[in-house]
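Everything numeric in this text was worked out from a predicted model, so none of it was measured.
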Amino acid sequence: MSESGSSHYVADLVTQLNGDGRVVADAPDGRLGLTETPVMPHSCPPEFRRKVIDLVASGRKTAEVAQLLGISDQTIYVWCRQRLIDTGQLPGTISSDLSELAAARKRLAELEAELAFTGGLPSC
């Protein structure tokens with residue numbers, strides 16, 4: 001991918017993420033910029049993650065992609081590592097299992113809260 005084409009690709013990613021037109025394709029310093037500091041959601045869409053990982057896999061530097069998109073480079077490293085786990089290239093817990101575990105923990109917390117609200121177990 002050419003440098004120019006790559007910049008447009010990154011701009012498209014930012015537009016998809018923010019969806020509010022805050023993208024500035026030609027910042028004064030010559031790089032992609034945002035009109036304000038981006039606030040990242042706790043969870044990015046899987047398609048966005050995949051595209052970010054693809055950018056890094058295509059040879060873009062992680063720090064550069066992170067700066068352009070306004071996300072931390074550590075976040076990108078975590079996403080790349082999880083992809084390696086999901087594809088069996090590294091040992092670890094795959095994403096689908098992590099999702100099930102998170103759902104089970106949430107349900108357990110709900111049940112514990114309900115139990116606490118009702119005053120605990122009935123006495124025999």
Per-pair distances, 0.1 Å, donor-acceptor, side chain in residues 86-94, under 3.5 Å, sequence neighbours excluded:
| unit_1 | atom_1 | unit_2 | atom_2 | d |
| --- | --- | --- | --- | --- |
| Asp86 | OD1 | Gln82 | NE2 | 3.0 |
| Asp86 | OD1 | Ser95 | N | 2.8 |
| Asp86 | OD1 | Ser95 | OG | 3.2 |
| Asp86 | OD2 | Ser95 | OG | 2.6 |
| Thr87 | OG1 | Arg83 | O | 3.0 |
| Thr87 | OG1 | Leu84 | O | 3.2 |
| Thr87 | OG1 | Gln89 | NE2 | 3.0 |

Roughly how far apart are Asp54 CG and Glu47 CD, rounded to 0.5 Å?
-> 8.5 Å
Excluding sequence neighbours, so at least two apart, what forms side chain to side chain contact (heavy atoms under 4.5 Å, CB included) with Glu110?
-> Lys106, Arg107
When you look at Gln67 and Glu64, which way does the side chain to side chain contact (heavy atoms under 4.5 Å, CB included) test go after all the steps?
-> CA-CA 5 Å; Gln67 181 182 15; Glu64 175 189 6; 5.9 Å; no
State plainly whether one hydrophobic cluster holds both Ile53 and Leu69, where clusters connect Ile, Leu, Val, Met, Phe, Trp and Tyr through side-chain heavy atoms under 4.5 angstrom apart.
-> yes
Just how far is it from atom CH2 of Trp79 to atom CD1 of Ile71, taken to the nearest 0.5 Å?
-> 4.0 Å
What closest approach, in Å, do Ala66 and Ser72 show between heavy atoms, and which atom pair accounts for it?
-> CB-C, 3.8 Å
